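Here is the structure we will look at.
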Amino acid sequence: MKPKNSSSQLKALVVDDDRVNRMTHQALLKKVGVENLASVENGKKAVDLYCNGESFDLILMDKDMPVMNGIEATKQLRSMGIRDMIVGVSSSSRGAENVQQFMEAGLDEYYTKPLTVDTLKAILDKIKS
């Protein structure tokens, strides 16, 4: 991953089946300076974007989605050689076992919803360094 000097140069993808969550995460990303945003409602669409030549510096990946969940999408992206930062986000409170399964799929980090501006700033700082 090439270092980026400012958040406005970063590309982010929000993957979540809930429209309100997608809009919320996009608004938070804009608030911390990320201007190049895309969003899709399931993991398959995220994988399809990469298959069509798209790439992102950051993917915010929900865990529980129809068609292809976040665990399967993360596994598939990693198996394709994608090394972009994938951050799992979920409101699911099903326990540490599910979080571990999501992390083992290839996440860089995991957070429970809702994300905060401070959390996103910390994530972006890691990408930019």
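Model, not experiment: these values are computed from the prediction. Here, residue 1 is the first one in the sequence, and each next residue gets the next number.
Looking at R19, its side chain never comes within 3.5 Å of a backbone N or O of M23 through a donor-acceptor pair. The closest donor-acceptor contact from the side chain of N69 to the backbone of M65 lies at 3.5 Å or more, if one exists at all.
We find the CG-CD distance between D84 and E54 to be 11.5 Å, quoted to the nearest 0.5 Å. We find the NE2-CG distance between H25 and D62 to be 8.5 Å, quoted to the nearest 0.5 Å. Here CD1 of I82 is found 7.5 Å from CD1 of I59. Values are rounded to the nearest 0.5 Å. L28 contributes atom CG, which lies 11.0 Å from atom CG of L37 (distance to the nearest 0.5 angstrom).
A 4.5 Å side-chain heavy-atom check between L58 and L29 finds at least one atom pair inside the cut-off. Residues V89 and T112 have side chains not in contact (no heavy-atom distance under 4.5 Å, counting atoms from C-beta outward). Counting heavy atoms from C-beta on, the side chains of Y110 and I86 never come closer than 4.5 Å. A 4.5 Å side-chain heavy-atom check between L77 and M61 finds at least one atom pair inside the cut-off. No side-chain heavy atom of L60 sits less than 4.5 Å from a side-chain heavy atom of V15. Using a 4.5 Å heavy-atom cutoff, the side chains of T116 and L120 are not in contact. Proximity of D57 to M85: side-chain heavy atoms (C-beta onward) are nowhere separated by under 4.5 Å. Looking only at side-chain heavy atoms (C-beta outward), L13 and L49 come within less than 4.5 Å of each other.
Under the 4.0 Å criterion applied to side-chain N and carboxylate O atoms, D108 and R83 are not assigned as salt-bridge partners. Checked for salt-bridge contact, E72 and K44 miss the test: no charged N lies under 4.0 Å from a carboxylate O.
Here the shortest heavy-atom pairing between G43 and A73 reads CA-CB, 3.5 Å. Shortest non-hydrogen contact noted between V34 and A12 is CG1-CB, 4.0 Å. Minimum heavy-atom separation, C51 to M80: SG-CE, 3.8 Å. In terms of heavy atoms, A105 sits closest to I71 at CB-O, 3.6 Å. F56 and A38 get closest at one heavy-atom pair: CE2-CB, 3.8 Å.
Donor-acceptor pairing under 3.5 Å is recorded for the side chains of E104 and Q100.
Residues that satisfy the side chain to side chain contact (heavy atoms under 4.5 Å, CB included) test with E41, not counting sequence neighbours, are R22, K45. Take Y111 and apply the ring-ring contact (aromatic ring centres under 6.0 Å, His included) test, not counting sequence neighbours, and it matches no residue.
Here the options are D18, D16, T24, the test is side chain to side chain donor-acceptor pair (under 3.5 Å), and the partner is K113; only D16 passes.
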